[in-house]
Novice: 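Below is the structure I would like to discuss, written out as structure tokens.
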Amino acid sequence: MKIVVCIKQVPDTAGGVKFKPDGTLDRQAMLAIMNPDDKAGLEAALRIKDADPENVKVTVLTMGLPKADAVLREALAMGADDALLITDRVLGGADTWATSSTIAGALKNMEYDLIITGRQAIDGDTAQVGPQIAEHLGIPTISYAREIKVDGSTVTVKRMFDDGYMMLKANMPCLITALSELNEPRYMTPGGIFDAFDKEVTVWGRAQLDVEDSNIGLNGSPTKIAKASDKVAKGKGTVVTPDSPQEAADGIAAKLAEKNII
Amino acid sequence: MDFQLDQKHEMARSLFREFAEKEVKPLAIETDETEQFPRETVTKLQKYGFMGIPVPKEYGGQGCDPLTYVMCVEEMAKVCGTTSVIISAHTSLCIDPIMTYGTEEQKQKYVVPLAKGEKLGAFALTEPGAGTDAQGAQTKAVFDEATQEWVLNGSKCFITNGKEADIYIVIAYTDIVEDKKGRKQKRFSTFIVEKGTPGFTFGVKEKKMGIRGSATYELIFQDCRIPKDNLLGVRGKGFANAMHTLDGGRIGIAAQALGLAEGALDRTVQYVKERKQFGRSIAQFQNTQFQLANMATQIEAARLLVYKAAEAKRTQSSYSVEAAQAKLFAAETAMDVTTKCVQLMGGYGYIREYEVERMMRDAKITEIYEGTSEVQRMVISGALLK
């Protein structure tokens, strides 16, 4: 069984967010971590492998700058078998459409039974790339996975909602998007880290991808960013000292009405 | 010369830091308070391979280098001095001599489970009447020709990981010879002793000032019979072997001292930014700033010495001076920095909840065990005056 886990290097929000003049994220200038939902997806794949180490192979894939190599090494140090970095200048500035087209373009040239992605990345929060990849590949998607069980050629997933869950069963190949609540990802091991740096990370550029030029990079991205900014510190606000609860409620309601919130 | 850690070591450090913060730090206060050996933590350390970091993979270890091991001890010490010494005594003082002097059979039998963390190790040299003065040692091993066993009698004290450990490296004298001046000299040998061997028991558990969760016990040997195959290395070379083992151990303790100093400084930097006096944070006072600057500089110097010693262990056969300098400087830095951190934090620094007082108590032992600072000075000056 071949599992491909799509992971993303995202800014460590503890380190602050920086933008380039065109409004896109300045990834080079920020500290980076493995996206938490993706890490849970990787852990889920590694647990499937733990149950049958001889027959399950886990490949991790990321699209990003050359420095995204680090997140692949981390995945290898956790126990992934091999890693693929998709990087090329022409792929830069991709929105979710161009990203999913690009990743699907790589997957078309790979073997897989199961693809796992994170639900969403903590930088963009779109939750679009995983399901879009499945659409490009023409395979089923099960999103918001809280539990994953593999049985022969099928996979059973507990799909979470705010107020309940669905149990879904799908034939493989299919794509699952994982929630960070899925599990507690394992730590790397020191020896795993040393091995990870001895391994070769496969690097694919534009030439290795089965995708149209019109669907990649900034030019292939329908999303146009008008403006982006760092969060603005809130002012002190207005302090009022109402005489009664009624007056307080009226005051708040008036303010909300003034701002067209209610 | 490159002072920059490579990506591999940076990643290892981030692993140790995350593990220490999430798994070790939450138990540090309780471990100190209750003086209970943190078995739960050791099980986690085992699970992730932290008990055999510098050991080759074929012997159950992680196949990393001394620098990686040292960073692990350092990061654990930043949050819990007890945890760091458990790893250090196990790795440097028990696994290392078996790797260095052991036969292939001994390595397979003992290093493999030790490096995997399935068994815990300890090292027993110190005796009530003999610390630095090895000739004062009374523990004796006599070879019984009839049974082909060694018979061990005597006692050892202040043994880290005592009672909790499964495998003990024990130094005992096996021969008395006359030196050139006709004086009687004891010749020592090293033995691997398993817990549970008849005649091997534990005495009192020491109540200590710091590293209180670390189990420190007296070991007692009464006609304790050890298989012939458990002689480690060459008969009569035990003292030299122990000294070489301690060179490695000192790098581990230096890393512990470094981590304690760093941990105390981290907390203090945070505190001085928050603590307000006379309408401003105490970080805005020049006394605070200058003290922080001095401490950060001392710590950086200690780090360079500790990492240099770790690299020397990887590349050189002898690294006594590097290890002694690292331990001397890092231990004195730890004591100085933790004491100043308590002072900067004032009354809160003296309160257990704020943790720097624990670090100050933990730091003191780094100037004492595995060779006092005075012994380190003897080693360093001895090399100069040779």
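Below, chain A is the first sequence line, B the second, and so on; all start at residue 1.
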Novice: Only heavy atoms, only distances under 4.5 angstrom. Which residues in residues 176-191 of chain A are near chain B?
Specialist: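 The residues closer than 4.5 Å to chain B, in numerical order, are A:R186, A:Y187, A:M188, A:T189, A:P190, A:G191.
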Novice: Do B:Q284 and B:Q289 have side-chain atoms, one donor and one acceptor, less than 3.5 Å apart?
Specialist: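 Looking only at side-chain atoms, B:Q289 and B:Q284 do not form any donor-acceptor pair under 3.5 Å.
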Novice: Could you tell me the separation between the CE atom of A:M63 and the CG atom of A:L209, rounded to the nearest 0.5 Å?
Specialist: 9.0 Å
Novice: Name, in order of residue number, those residues of residues 49-57 of chain A that have a heavy atom at a distance of less than 4.5 Å from a heavy atom in chain B; otherwise write 'none'.
Specialist: none
Novice: What part of A:F197 gets within 4.5 angstrom of chain B, counting heavy atoms only: side chain, backbone, both, or neither?
Specialist: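 Contact with chain B is through the side chain of A:F197 alone.
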Novice: Can you tell me which portion of B:D6 sits under 4.5 Å from chain A's heavy atoms? Options are side chain, backbone, both or neither.
Specialist: neither
Novice: Decide whether a cation-pi geometry holds between B:K8 and A:F194; the criteria are a distance under 6.0 Å from NZ or CZ to the six-membered ring centre and an angle within 45° of the ring axis.
Specialist: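 Yes, B:K8 and A:F194 form such a contact.
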Novice: Please say whether the positively charged group of A:K2, taken as NZ for Lys or CZ for Arg, lies over the ring of A:Y112, i.e. under 6.0 angstrom from the six-membered ring centre and within 45 degrees of the axis.
Specialist: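 Negative - A:K2 is either too far from the ring of A:Y112 or too far off its axis.
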Novice: Give, for atom OH of B:Y48 and atom CG of B:L45, the distance between the pair rounded to the nearest 0.5 Å.
Specialist: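 So the OH of B:Y48 and the CG of B:L45 are separated by 11.5 Å.
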Novice: Is B:K109 paired with B:E105 through a side-chain N to carboxylate O contact shorter than 4.0 Å?
Specialist: no
Novice: Taking the basic N atoms (NZ, or NE/NH1/NH2) and the acidic carboxylate oxygens, is any pair closer than 4.0 Å for B:R13 and B:E75?
Specialist: yes
Novice: Which bit of B:F16 is near chain A, if near means a heavy-atom gap under 4.5 Å: side chain, backbone, both or neither?
Specialist: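 Contact with chain A: side chain only.
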Novice: So, A:D195 and A:K199, do they make that salt bridge, N to O below 4.0 Å?
Specialist: no
Novice: Could you give the distance from CD1 (A:I103) to CG (A:L84), rounded to the nearest 0.5 Å?
Specialist: 10.0 Å
Novice: Between the side chains of B:D96 and B:K313, is the shortest nitrogen-to-carboxylate-oxygen separation below 4.0 Å, so that they form an ion pair?
Specialist: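 Judged by the 4.0 Å cut-off on N to carboxylate O distance, B:K313 and B:D96 do form a salt bridge.
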Novice: Within a radius of less than 6.0 Å around NZ of B:K57, do more than 12 heavy atoms belonging to other residues, nucleotides or ligands occur?
Specialist: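 Above 12, so yes.
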Novice: Quiz question: by atom type and distance under 3.5 Å, do the side chains of A:S143 and A:R159 form a donor-acceptor pair?
Specialist: yes
Novice: Given a strict heavy-atom distance threshold of 4.5 Å, which part of B:E10 is in contact with chain A: side chain, backbone, both, or neither?
Specialist: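 Neither part.
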Novice: Check each atom of A:A70 against the heavy atoms of chain B and say whether the ones under 4.5 Å are side chain, backbone, both or neither.
Specialist: both
